[in-house]
Engineer: 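Once you've had a glance at the structure underneath, I'll fire off some questions.
Convention: sequence-line order gives letters A, B, ...; per-chain numbering from 1.
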Amino acid sequence: MTMPSAYEPSEVEGRLYRSWVARGYFHAEPDDRREPFCIVLPPPNVTGALHIGHALDHTIQDVLVRRRRMQGYAALWLPGTDHAGIGTEVLVARQLLAEGVDKREIGREVFVERVWEWRERYGDRIVEQMKALGNSCDWDRLRFTMDEGLQHAVRVAFVRLYEDDLIYRGERIINWCPTDQTALSDSEVEHESVEGELITFRYPLGDGDGYVDAATTRVETMLGDTGIAVHPDDTRYASLVGRSVRHPLDGRKLPIVADAAVDPAFGTGAVKVTPAHDPNDFEIAERRGLEARNILEADATLNDLVPEEFRGLDRYEARRAVRDRLDELGLLVEEERPYVHSVGHCYRCRSEIEPWLSGKQWFVKVEPLKGPAMEAAEAGKLTFFPARWRDRYLEWLEGLRDWNISRQLWWGHRIPVWYCPKGHEFASVEDPDACAECGSTEIEQDPDVLDTWFSSQLWPFSTLGWPEDTEDLRYFYPTSVLVTGYEILYLWVARMVMAGIRLAGDVPFHDVVIHGLVRDAQGRKMSKSLGNVIDPLDMIERYGADALRFSLSRMASPEQQNLPLSEDQIEAGKHFANKLWNAARLVRTNLEGDALELPPSARLTVIDRWLLSRAEACRQEVDAAIETYRFADAAQALYRFLWSEYCDWGLEMAKPRLYEGSAEDRQDASSVLAWILERTLRLLHPIMPFVTEEIRQRFVGEGSIVIAPWPEPMPDHRDGAAEGRVGFAMDLVTAVRRFRSDHRVPPALELRVGVEGDDAQREILGTLSEEVRRLARIGSLLTRGADLPPSGAARLHVQGAEVLIPLEGVLDPEAECERLRGRLEAMAGEAEKAERKLANEGFVTKAPAEVVEEQRRRLGQLKEEEAALREQLDELGCG
RNA sequence: GGGCGCGUAGCUCAGCGGGAGAGCGCUCGCCUCACACGCGAGAGGUCGUAGGUUCAAAUCCUGCCGCGCCCACCA
């Protein structure tokens, strides 16, 4: 097989991916001879395109799954997409509108049909994009949160919770998005600081002289006020409780009530009560028997309950109009502007959320669910990476309030509850023909659909066949790991735990891996308006999927909240793939045959043993890192070993045997290199699946790396002695290179070098003479004292050995003197520091003996080198 | 209002009680028979700031300054 000198990912990736899928490598079934490993993919929205955040999320999951698959687990990565209620409904509705079609005109049924059509046409785009990334998902099991099985699961879940009294219908203040015109759960509201205004105005007493002042940031809501509340112990207002004020704009009488929820220290100590538009006020009103007066339409314009002049205004217009009218009436007491306060925004469309009494909504009662979910984390059934997220998770559950699950939308799982004219209400898994209580056939289904997250929370078990007791479920559930960004820890993760324990009888996963958000190189969020978006598909096209995956892995440290990524880093990933490709070319062309076996240990050279030892160290690091989800450390260990050790030293030191040795030398050397490379490719495969497969096939034929065994530990390969010996040779080479570079010695000029070292050093230089000479461009390398030049040489110090380089014909001695003086100065500074430390009595008496000893040893070394430098300056006749 | 995280080389970060590190960028020298998507060498930091604990602090504690994030029904 020929190997061109540059690796071209685009010519490789599609072909390999198709072959993997065709051979069914990604398909997993329950198998009693294997351990299960399962990850469910957090389903991306069908509306979406794969963005860089997905690429990170998916790369992490693929690394985990591919490694387990190689380790012999029945490794299942279960993919799917989410119907994304609001997002999809808004998107399709907007498209229809562009065609001149209003969704209200075509009606619910036709609209939902249109959404399905849209999904048929575009819903698989994102799946194709996942394939381009190299995801080893089991595509035979691809699911969609609205497909038949999942619809059934959602209904069963709803009915069970309903029958256990964990779902109820109630009239409460909810979060209303006037743009999307639906209710939202608390988790879907994002609080942001906004510059608004705080207006204090005056309510005249209705029965006599006097007034009460109240403050608000939404002055238009005063049109819906039905009372005034003060704290029961507030002496300022004690005489007013039980009396009333008169509404200045519509003349209604508003009672003054006492309620402990009022903070007497804030503002005037009196609160206007707007039960239909504020959750606090709603509760006060319930306790004090005040009416709720709803003044808003669904689009946040004012309705007919307000005085004529304000009807039909939107909330912002009304805010201004009411303020102006109060001003005219002389009732405006104070205006603070800007007044910075926090306002809820819709997580989909960013509109300001209106707390609103919208009529009856469905809620999940969370109190009985959160206890078990908290205990699971406390008992270690659920482990968070990084661990600090566990506390956040617990805090959130602690403060959790009932979950509003009804949405005033058409696209989604319709609430499986029916009503009959007699007022009966019942939930049903199957569509009923008649009322379950009275048999009436005039039944009507609740018009609302469920929160998307209601179906998402079932994902880890609904995708495995729940509520049926399937083999898949018994085998793969609970799943092994959940990988996701921190932004949906509450929205999704915590709810899966509650639902999993309640409905499927166990936690949905054992480990939760929370990663950060991908940012641009400056740490800014990627956004279209900033123009700093890195499109993963574009990157794959230009640099290859491996390059993208490698760069993402290299920064995927779970401790980080922000993960800055630049195109340079992706380019570096491409270079790495190319580097491997070329290393493989060198090895392949020197290796006879396909057998990947190490030579008998008697024929292993010290270089071989050194490289085997380093390879095993790398394997240890990779395993340890991935086990604890430190992907950056795993990627870094592989990069460092393959590039800085295998290529820079391993291949370079092998060259004498490859090019100048006997046939047996050549075969032995290339066998060791090939064996290590192949083994390391398997370690790298989860991170860079394509290039590792492509290269490996050049050595082992068609056998795929996807199902090749994960490298087993080989503790025997660790060889401290070999590392020490070769390490000396490497240090020596580096010292000579530095000398050459410092003095601009022409590269072609071969040096004469003599080394005065101990027996072991002499021995290793004898053994590695060829290698050292080649790497440092040394013409003759002498290792016996008697043969060393008598004088006029530069002296370098390497691990206690002295390296002599005769200067004649190489450079002017004065240049070397210059270098020596610099060294001497640095050395003296170091020595002085060490001396001061040892002169400190506290240090000598209180520090551990080995620390003191180490310091003494170091000082001794420094002194020795210093003396040697002085001696040499003399010898060279420097001033 | 409560809580969390972070301030170390130009950039992004690792180190988390005993000699300041990596990658990228930068400078210099090399088209050396795998690779210029490359090879070799190098420069660059009072470890945010002020105190404290310790023989010893980038590393532990406290205050301050700056940045980011999460949670929250103070009108």
Engineer: Looking only at side-chain atoms of A:Arg774, point me to the closest of B:C33, B:C30, B:G38.
Structural biologist: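 The answer is B:C33, which lies nearest to the side chain.
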Engineer: Return the nearest nucleotide to the side chain of A:Val262; candidates are B:G18, B:G40, B:A75.
Structural biologist: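 So the nucleotide nearest the side chain must be B:A75.
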Engineer: Considering only NZ, NE, NH1 and NH2 on the basic side and carboxylate oxygens on the acidic side, decide whether A:Arg323 and A:Glu220 come within less than 4.0 Å.
Structural biologist: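 The answer is no: the pair does not qualify as a salt bridge.
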Engineer: Can you tell me the distance, in whole Å, between the OH atom of A:Tyr486 and the P atom of B:G68?
Structural biologist: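 Result: 13 Å.
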Engineer: With sugar-phosphate meaning primed atoms plus P, OP1 and OP2, does A:Asp633 contact a base, only sugar-phosphate, or nothing at under 4.0 Å between heavy atoms?
Structural biologist: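 If one applies the 4.0 Å heavy-atom cut-off, A:Asp633 turns out to touch nothing in the nucleic acid.
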Engineer: Let me know the distance between CD of A:Glu854 and P of B:C55, rounded to the nearest Å.
Structural biologist: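 Rounded to whole Å, this separation is 22 Å.
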Engineer: P atom, B:U54 versus B:G48: distance in rounded Å?
Structural biologist: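 These two P atoms come out 23 Å apart once rounded.
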Engineer: How many Å lie between CG on A:Leu290 and P on B:A75, as a whole number?
Structural biologist: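 Spelled out: CG on A:Leu290 to P on B:A75 is 20 Å.
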Engineer: For a quick check of understanding: with a heavy-atom distance under 4.0 Å over all strands, which category does A:Lys837 fall into, base, sugar-phosphate or nothing?
Structural biologist: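 The answer is sugar-phosphate, as A:Lys837 gets under 4.0 Å only of primed atoms, P, OP1 or OP2.
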Engineer: Does A:Trp643 place a side-chain N or O at less than 4.0 Å from the phosphate oxygens OP1/OP2 of B:C39?
Structural biologist: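 True: A:Trp643 side-chain N/O within range (under 4.0 Å) of B:C39 OP1/OP2.
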Engineer: Is it true that A:Glu660 and A:Arg657 make a salt bridge, defined as a side-chain N closer than 4.0 Å to a carboxylate O?
Structural biologist: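 No, A:Glu660 and A:Arg657 are not salt-bridged.
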Engineer: Over all strands shown, is A:Asn840 touching base, sugar-phosphate only, or nothing at heavy-atom distances under 4.0 angstrom?
Structural biologist: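 Counting heavy atoms under 4.0 Å across all strands, the contact made by A:Asn840 is with sugar-phosphate only.
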Engineer: Output the rounded distance in Å from CD (A:Glu220) to C1' (B:A75).
Structural biologist: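 So the two atoms are 13 Å apart, to the nearest Å.
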Engineer: With heavy atoms under 4.0 Å as the rule, sort A:Pro848 into base, sugar-phosphate or nothing.
Structural biologist: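 Since a base atom lies under 4.0 Å of A:Pro848, the category is base.
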Engineer: Please state the P separation for the pair B:G25 and B:C39 - nearest whole angstrom.
Structural biologist: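 That atom pair is separated by 12 Å.
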Engineer: Among the candidates B:G40, B:A72, B:A75, find the nucleotide nearest to the side-chain atoms of A:Ser342.
Structural biologist: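 Nucleotide nearest to A:Ser342's side chain: B:A72.
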Engineer: So, is A:Arg554 near the phosphate of B:A22, with a side-chain N or O under 4.0 Å from OP1 or OP2?
Structural biologist: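 No, A:Arg554 has no side-chain N/O under 4.0 Å of OP1/OP2 on B:A22.
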Engineer: Between A:Glu195 and A:Arg337, is the closest basic N to carboxylate O distance under 4.0 Å?
Structural biologist: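 A salt bridge is absent here (no side-chain N lies under 4.0 Å from a carboxylate O).
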Engineer: Using a cut-off of 4.0 Å on non-hydrogen atoms, how would the nucleic acid contact of A:Arg401 be classed: base, sugar-phosphate, or nothing?
Structural biologist: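 The answer is base, as A:Arg401 lies within the cut-off (heavy atoms under 4.0 Å) of a base atom.
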Engineer: Could you pull out all residues at least two apart from A:Glu286 that satisfy side-chain contact (heavy atoms from CB on, under 4.5 Å)?
Structural biologist: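 A:Glu286 satisfies side-chain contact (heavy atoms from CB on, under 4.5 Å) with A:Phe282 once adjacent residues are dropped.
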Engineer: Using the P atoms only, state how far B:C60 lies from B:C4, rounded to an integer number of Å.
Structural biologist: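 That atom pair is separated by 16 Å.
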Engineer: What interatomic distance, in whole Å, is found between P of B:C71 and the corresponding atom of B:G15?
Structural biologist: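 Their P atoms lie roughly 27 Å apart.
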Engineer: Is A:Arg392 salt-bridged to A:Glu395, cutoff N-O under 4.0 Å?
Structural biologist: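 Looking at A:Arg392 and A:Glu395, the cut-off is not met.
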Engineer: Is there a donor and acceptor pair closer than 3.5 Å between the side chain of A:Lys579 and the base of B:C35?
Structural biologist: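 Counting by modelled atom types and ignoring angles, a donor-acceptor contact under 3.5 Å is found here.
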Engineer: Taking CZ from A:Arg857 and P from B:G18, how many angstroms apart are they, rounded to a whole number?
Structural biologist: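 Distance, rounded to whole Å: 17 Å.
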Engineer: Between B:C37 and B:G10, how far is it from one C1' atom to the other, in whole Å?
Structural biologist: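 Looking at atom C1' only, B:C37 and B:G10 are 24 Å apart.
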Engineer: Please determine, for the side chain of A:Val851, which listed nucleotide (B:G18, B:C35, B:G38) has the closest atom?
Structural biologist: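 Between B:G18, B:C35, B:G38, the one nearest the side chain of A:Val851 would be B:G18.
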Engineer: Need one value for A:Leu198: base, sugar-phosphate or nothing, where a base atom within 4.0 Å counts as base even if backbone is also close, heavy atoms only.
Structural biologist: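 A:Leu198: no heavy atom of the nucleic acid under 4.0 Å.
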Engineer: So does A:Tyr639 get a side-chain nitrogen or oxygen closer than 4.0 Å to the phosphate oxygens (OP1/OP2) of B:C24?
Structural biologist: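 For B:C24, OP1/OP2 do have a side-chain N/O of A:Tyr639 under 4.0 Å.
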Engineer: Looking only at the side chain of A:Lys272 (C-beta and beyond, no hydrogens), which of the listed nucleotides B:G18, B:C73, B:A75 gets closest?
Structural biologist: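 Minimum distance to the A:Lys272 side chain belongs to B:A75.
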Engineer: In this structure, how many angstroms lie between the P atom of B:G40 and the CG atom of A:Leu651, rounded?
Structural biologist: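 It works out to 11 Å between those atoms.
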Engineer: Tell me which pairs pass salt bridge (Lys or Arg N to Asp or Glu O under 4.0 Å) where either residue lies in residues 638-656 of chain A, with sequence neighbours left out.
Structural biologist: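 Sorted pair list: A:Arg614-A:Glu645, A:Glu652-A:Lys655.
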Engineer: B:G40, B:C55, B:A75: which one has an atom nearest the side-chain heavy atoms of A:Phe843?
Structural biologist: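 Nucleotide nearest to A:Phe843's side chain: B:C55.
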Engineer: For atom C1', what is the distance between B:C47 and B:A9, given to the nearest Å?
Structural biologist: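 About 10 Å, rounded to a whole number of Å.
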Engineer: So does A:Arg738 get a side-chain nitrogen or oxygen closer than 4.0 Å to the phosphate oxygens (OP1/OP2) of B:G42?
Structural biologist: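 Affirmative; the distance criterion is met.
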Engineer: At 4.0 Å (heavy atoms only), tell me whether A:Gln569 reaches a base, stays on the sugar-phosphate, or touches nothing.
Structural biologist: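 Nothing, no heavy atom under 4.0 Å.
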Engineer: So what does A:Tyr490 hit on the nucleic acid, given a heavy-atom distance under 4.0 Å: a base, only sugar-phosphate, or nothing?
Structural biologist: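 Contact class for A:Tyr490: sugar-phosphate only.
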Engineer: Tell me which nucleotide among B:A41, B:G29, B:C70 gets nearest to the side chain of A:Arg392.
Structural biologist: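 Shortest atom-to-atom distance from the side chain points to B:C70.
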Engineer: A:Tyr639 ring centre to A:Arg554 NZ or CZ under 6.0 Å, with the angle to the axis within 45°?
Structural biologist: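 Yes, A:Arg554 lies over the aromatic ring of A:Tyr639.
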Engineer: Has A:Arg588 got its NZ or CZ under 6.0 Å from the middle of the six-membered ring of A:Phe699, at an angle within 45 degrees of the ring axis?
Structural biologist: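 Judged by the rule (NZ or CZ under 6.0 Å from the ring centre, within 45° of its axis), A:Arg588 counts as positioned above A:Phe699.
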Engineer: If you assign each of A:Val733 and A:Asn578 to its closest nucleotide in RNA chain B, which residue comes earlier from the 5' end?
Structural biologist: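 Closest to the 5' end, via its nearest nucleotide, is A:Asn578.
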Engineer: Considering residues, nucleotides and ligands other than A:Glu192, do more than 12 of their heavy atoms fall under 6.0 Å from its CD?
Structural biologist: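 Atom CD in A:Glu192 is packed in, count exceeds 12.
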Engineer: Is the shortest side-chain N/O distance from A:Lys846 to OP1 or OP2 of B:G18 below 4.0 Å?
Structural biologist: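 For A:Lys846, the contact criterion (side-chain N or O under 4.0 Å from OP1 or OP2 of B:G18) is not met.
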Engineer: Please report the distance separating the C1' of B:A22 from the corresponding atom of B:G44, rounded so that it comes out in whole Å.
Structural biologist: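 That atom pair is separated by 14 Å.
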Engineer: Distance between the P atoms of B:C61 and B:G45, in whole angstroms?
Structural biologist: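 Their P atoms lie roughly 29 Å apart.
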Engineer: Mind checking A:Arg744 for me? I need base, sugar-phosphate or nothing, with any heavy atom below 4.0 Å counting as a touch.
Structural biologist: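 Touches sugar-phosphate only.
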Engineer: Find the distance A:Glu395:CD to B:G1:C1' and express it as a whole number of Å.
Structural biologist: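 So the CD-C1' distance, A:Glu395 to B:G1, works out to 15 Å.
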Engineer: Using a cut-off of 4.0 Å on non-hydrogen atoms, how would the nucleic acid contact of A:Thr734 be classed: base, sugar-phosphate, or nothing?
Structural biologist: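 The residue A:Thr734 makes sugar-phosphate contact but no base contact.
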Engineer: Let me know the distance between CG of A:Leu394 and P of B:C4, rounded to the nearest Å.
Structural biologist: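 Atom CG in A:Leu394 sits about 14 Å away from atom P in B:C4.
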Engineer: Between B:A75, B:C37, B:G40, which nucleotide gets closest to the side-chain atoms of A:Val271?
Structural biologist: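 The answer is B:A75.
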Engineer: With a distance cut-off below 6.0 Å to the six-membered ring centre and an angular limit of 45° from the axis, does A:Arg737 pair with A:Trp649 as a cation-pi contact?
Structural biologist: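 Satisfied, under 6.0 Å and within 45°.
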Engineer: Name the stems with RNA chain B in them: runs of three or more consecutive Watson-Crick or G-U pairs, distances under 3.5 Å?
Structural biologist: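 Listed by first number, the stems are B:1-7 with B:65-71, B:10-13 with B:21-24, B:26-30 with B:38-42, B:48-52 with B:60-64.
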Engineer: Check whether any side-chain N or O of A:His341 sits under 4.0 Å from OP1 or OP2 of B:C74, and answer yes or no.
Structural biologist: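 For B:C74, OP1/OP2 do not have a side-chain N/O of A:His341 under 4.0 Å.
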Engineer: With a 4.0 Å cut-off, would you call A:Arg819 and A:Glu816 a salt bridge?
Structural biologist: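 A:Glu816 and A:Arg819: salt-bridged.
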Engineer: Taking the minimum atom-to-atom distance to the side chain of A:Arg585, which one of B:C55, B:C39, B:C35 wins?
Structural biologist: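 The closest nucleotide is B:C35.
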